[in-house]
2 protein chains.
Amino acid sequence: MNIKRIAELAGVSVATVSRVVNHPERVRDETREHVLSVMQQYNFTPNWFARSLNLESSNTIALLIPGIETDFFQQIISGVETVAGNKEYAVLFGQTNNYPTREAEFVDMMINRKVDGIIQVNSRLNGEETLLMQNLELPRVHIGKNRVCTSDTLCYVDIEEGARRMTRHLIELGHKIIMALFDEANSNTSEQAFAGINRALRDTGHTIIFSSAQAENSVRGGYLAVQRLIQSKSMPEALIAASDLQAIGAMKAARDAHINIPDDLALASLTDSAVCSVLSPALTALELPSKRLGMAAARMLIDQIEGTLPYVDMPHDLILQPKLKIRESCGNTQDIYEWFD
Amino acid sequence: MNIKRIAELAGVSVATVSRVVNHPERVRDETREHVLSVMQQYNFTPNWFARSLNLESSNTIALLIPGIETDFFQQIISGVETVAGNKEYAVLFGQTNNYPTREAEFVDMMINRKVDGIIQVNSRLNGEETLLMQNLELPRVHIGKNRVCTSDTLCYVDIEEGARRMTRHLIELGHKIIMALFDEANSNTSEQAFAGINRALRDTGHTIIFSSAQAENSVRGGYLAVQRLIQSKSMPEALIAASDLQAIGAMKAARDAHINIPDDLALASLTDSAVCSVLSPALTALELPSKRLGMAAARMLIDQIEGTLPYVDMPHDLILQPKLKIRESCGNTQDIYEWFD
DNA sequence: TGACGTTTTTTTATCGCTAAAGATTGAGGG
DNA sequence: CCCTCAATCTTTAGCGATAAAAAAACGTCA
C-alpha cells in the first residue's frame, strides 16, 4: 500500500495525501477527513525510506554506549528512550564496548543512516573522527566529562564531588589508610574520582595514607584485586570500589579470607544498585541520578535538533549531583537508612 | 557525496558504480579497482535510504524484548548482536516492557522500516496482530515457549527440565514443604517451571507439600513476598524464586527476620548471574545458556531470511538445556563448586 | 461580468540508488 | 568480411515519498 494507491482510492492527488500527513492545516477539512478515513481503512503509513530520502532526516537519534551490563548504563538507556519516545524519535542503539574503532564505525553508520543527532556515553573518539563530525554539524550531546570538541554539549554526574564526600565520610569514621580500585577502561571516571578523593584528603586535618590499584570493573575484577592485596599484605583500612559489581567481588574475597566488613575493612562503591542495600553488610554507595542523566541528555539533544535551544547558541553543560547512600559497609552502623525507596 | 558524483569523478556511469558495490564480479577488474579507489578517496558509502527504498529491505533485524534489566535479557541481546554483526545485519531494538500494545506498535514500526526479520522474546501478541505478520510472511523467531502461529520457529531454554532438577535436588536434601514465587507478568516461564516442579513431585516417593505465591520479579518483589509469608506464618522449608534478583530480596527479608538460610529456609533461583556466587550464602541457581540462546535465534532467523534453512521449509524448534549450579543456599554445604568459571 | 486575491488542489521535478533493457566492444568462426 | 556471442558498459525507468510551481476553484467587489 503506497501513497499513490491511497490517492486513487480517495480520488485526490498524491500531493494532497502527502499534505494530509505533513501539513494538515493546508487541506480543506472535508478533504482531510475523507483522506484520513481511507488511510485508516487501508492501514497506511508513509514509507519511511522514501520519506527520509526526501527529508534527509530520519526522526532517529543514535545512542552510543559502552555496554548494557551495568545498572548505570541501563538507566541512561531507559531515560533516553523515555524522552525520545515522547517526542516521536526512534533510538538507534550502538554498543561500543569501549573500543574507539567500533565507536567510529558506528558513527559512520549513523551518519549514513541520517540520524538527527547523537548521544555518546563516555566517548573514546579522538581528534580525527571528531573533526569529521564537527564538519557535519550534527547535533550531539556527550554523557561524561570528556569534551572532545570545544563546541560539545556535556552532561554528567559530578563524580568528583561524590568521591569527595565519600572519602570525607571514610575519614570521619576514622579510617587512615584508604585505597581506591580503578578500571583503566574507564579512565575518565577514575580521574574525576581521584580528583574528588584528593580534594577530601587535602581538606582534612589528619594524615591519610592513600593508594590505588587497577582492577577490572566486574565481580571477578573486585575479587581478584582483593585477593592480590591480601597476598601482598597491603590491605588498607578502607576500600573504594569503582562499581557495586566490583565491590561485591571484593566483599566475597574478604569473606573468603575471614576479613570482616566493616570491622577489619571498610568498603564503599562509586555506583549504587538494587542489590547494594541487600548485601550483608549493606553496601555504602554513591547513588547516581542515571535515569535523569539520560532524560536530560535526550532533552538537550532534541532541543538542539529542533532549534529550540533555551540558551541561544552557546554550548552549555549540565551537571547532576550524586547522593551518598550511607549503609553498613563502612562501619557506621548507628544510622542506617531505609534500604529501598 | 553521492553515486552520481563518484561516477563523474571515476569517468564511468552510475550503474557501473552501483555494480561495483552490488555485483563486483560483473565489472572488469581494472574498472572495479579504479572505482573502488575513487570511492575510498571520497569516503563514499551508498545512501542507505535510497538503497533500502529500492531493495525493499534494510539489512536490519528487529529484536523485541521485554526489558534490558536482567542478566538473562542482556545476554540474549549480546548473543543476537554478535551473530547479526558478523553477518552484517544491524539490530533494531525495541523494549516492550511486557505490554502487548507496545509490542504491536513496535511490530508496525518494524514492518514500516522494512526489517528483514523479527526476533521476539517472550512475545505477548495475540491472534490478531500475529495474523497480520503471518500474512506478511516476515521471517521471525520466538525466544520463549509460546507458539502463537503454527508456523513459528521457537527457541527456548528447557526451564521445565531445569525446574524439575532443582525440585528433585531440594527433595533429595530432605525438604518437605516447598514453595515457588512466580511473576504474573511472565506467565509463560512460570507455567513451564510449574510443569517441571510437578513432574519432580510426581516422580518422588515422598509426600511433599507444594504451594506458590505471586511476587514481582525484582529485589523488592522478593523482599515483600517473604515478609508477607512471615507475617502469615506460612513459611515453607524451601523457596524457589523466579529470578536471582527476587531471591536476593527474599534473602534480605529472611535475614531481617533472623531466619537462617539454609538452615531454616532453603532458597534457590531459576536464573543465575555473577552475583549469585558471591552472596552469602552463595545462591543455588539455574544457569541458563542465554547468550547461546540469542546467538541461536539470530542464526535461525538469518537462515530463514537468506533461504539457507538447513531443514527445508519445516518449522523446527531449538531447545537448550540449563545447568543447575548447586551452591550453598539449599543446605548442601559439602560440595560447593568453584564460584566463577 | 470580469479582474483580482485567496484558498485549495494538481502537476511535476527531485532525493540517491538499483536493475532491466539497450548499446558497445572485441574475439572467434564460417 | 560479416555474423554471432559473450563480456562489459550506459541509458533509463522506477522505488515512494515531498515540496515547489502551476493550475483550478471560489469569493469579493467595482
Side-chain angles (χ1 to χ4, degrees), chain A residues 1-39 42-60 88 90 108-116 136, chain B residues 1-39 42-60 88 90 108-116 136:
Chain A
M1 185 53 60
N2 59 20
I3 200 175
K4 203 172 158 190
R5 192 96 187 73
I6 294 291
E8 281 169 16
L9 289 162
V12 297
S13 73
V14 287
T16 301
V17 179
S18 175
R19 257 160 43 267
V20 166
V21 174
N22 299 292
H23 311 280
E25 76 285 356
R26 291 191 213 157
V27 176
R28 191 157 51 101
D29 292 13
E30 203 185 330
T31 324
R32 177 161 17 89
E33 306 271 298
H34 178 224
V35 172
L36 278 173
S37 81
V38 175
M39 281 175 51
Y42 291 90
N43 201 16
F44 167 79
T45 36
N47 179 301
W48 182 66
F49 295 116
R51 192 156 207 262
S52 304
L53 178 58
N54 250 296
L55 301 177
E56 305 232 309
S57 120
S58 56
N59 247 34
T60 303
E88 310 254 300
D108 276 350
M109 183 182 123
M110 301 305 183
I111 290 173
N112 189 249
R113 298 201 174 191
K114 296 274 187 298
V115 296
D116 300 317
L136 278 168
Chain B
M1 185 54 60
N2 59 20
I3 201 175
K4 203 171 158 190
R5 191 98 186 74
I6 293 290
E8 280 169 16
L9 290 162
V12 297
S13 73
V14 286
T16 302
V17 179
S18 173
R19 258 160 42 268
V20 166
V21 173
N22 299 293
H23 310 281
E25 77 286 355
R26 292 192 211 155
V27 176
R28 192 156 50 103
D29 291 14
E30 206 184 330
T31 324
R32 176 162 16 92
E33 307 270 297
H34 178 226
V35 172
L36 279 173
S37 80
V38 175
M39 281 175 53
Y42 292 89
N43 201 16
F44 167 81
T45 35
N47 179 300
W48 183 68
F49 295 115
R51 193 158 207 266
S52 303
L53 178 56
N54 253 292
L55 301 178
E56 305 229 309
S57 122
S58 56
N59 248 35
T60 303
E88 311 252 301
D108 276 350
M109 182 182 123
M110 300 305 183
I111 289 172
N112 190 249
R113 298 204 173 187
K114 296 275 187 297
V115 296
D116 300 317
L136 277 168

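Every chain is numbered from 1 and lettered A, B, ... according to where its sequence line falls, protein lines coming before strand lines. Basis for what follows: all heavy atoms, side chains included, without hydrogens, waters or symmetry-related copies.
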Would you say that more than 12 heavy atoms from the other residues, nucleotides or ligands in this model lie under 6.0 Å from the CD of E88(B), or not? no

Distance check needed: dG16(D) C1' versus L55(B) CG, whole Å only. 14 Å

Within a reach of under 6.0 Å around CD of E25(A), are more than 12 heavy atoms found that belong to other residues, nucleotides or ligands? yes

Taking OP1 and OP2 of dT18(C), is either one under 4.0 Å from a side-chain nitrogen or oxygen of N22(B)? yes

Nearest-nucleotide check on DNA chain C, F44(B) vs R26(B); residue mapping nearer the 5' end is F44(B)

Taking only residues two or more places apart in sequence, or in another chain, which ones meet R32(A) in a side-chain contact (heavy atoms from CB on, under 4.5 Å)? V20(A), P24(A), V27(A), D29(A), L36(A)

In the structure I gave you, are the side-chain heavy atoms of N2(A) and N47(A) within less than 4.5 Å of one another anywhere? no

Name all pairs fulfilling the salt bridge (charged side-chain N to carboxylate O under 4.0 Å, His left out) condition that reach into residues 10-24 of chain A, sequence neighbours left out, sorted by first residue then second. none

Distance test, side-chain N/O of N47(B) to OP1/OP2 of dG16(C), below 4.0 Å: no

Whole-Å distance, K4(B) NZ to dT18(C) P, equals 15 Å

Check against side chain to side chain contact (heavy atoms under 4.5 Å, CB included), R51(B) and N59(B): CA-CA 10 Å; R51(B) 193 158 207 266; N59(B) 248 35; 5.8 Å; no

Check the distance between dT18(C)'s P and I6(B)'s CD1 and give it to me in whole angstrom. 13 Å

Heavy-atom distance under 4.5 Å between the side chains of D108(A) and T45(B), does that happen here? no

Using atom CD of E25(A) as one end and atom P of dT6(C) as the other, report the distance to the nearest whole Å. 18 Å

On DNA chain D, more 5' by nearest nucleotide between V12(B) and F49(A) is V12(B)

Looking at N2(B), does any N or O in its side chain come under 4.0 Å of the phosphate oxygens OP1/OP2 on dG16(C)? yes

Check the angle between the aromatic planes of W48(A) and F49(B) and answer parallel, tilted or perpendicular using the 30° and 60° thresholds. perpendicular

Between dG16(D) atom C1' and K114(B) atom NZ, what is the distance in whole Å? 9 Å

So does S18(A) get a side-chain nitrogen or oxygen closer than 4.0 Å to the phosphate oxygens (OP1/OP2) of dA19(D)? no

Considering every strand and a 4.0 Å limit on heavy-atom distances, what is the contact class for T31(B): base, sugar-phosphate, or nothing? sugar-phosphate

Taking 4.0 Å as the cut-off, does a side-chain nitrogen or oxygen of T16(B) come that near to OP1 or OP2 on dT8(D)? no

Using only side-chain N and O atoms of R51(A), determine if any of them is under 4.0 Å from OP1 or OP2 of dT18(D). yes

Roughly, in whole Å, what's the span from CD1 in I3(A) to C1' in dT10(C)? 13 Å

Select one nucleotide: of dC17(C), dT11(C), dT11(D), the one nearest the side-chain heavy atoms of P46(B). dC17(C)

Without decimals, in angstroms, what is the distance between H34(A) NE2 and dT8(C) P? 18 Å

Whole Å only: how far is the CG atom of L53(A) from the P atom of dA19(D)? 13 Å

How far does the helix from dT1(C)-dA30(D) to dG30(C)-dC1(D) bend, going by the axes of its first and last five pairs, to the nearest 10°? 70°

If you compare every side-chain N and O of R28(A) against the phosphate oxygens of dT9(C) (OP1, OP2), does one of them come in below 4.0 Å? yes

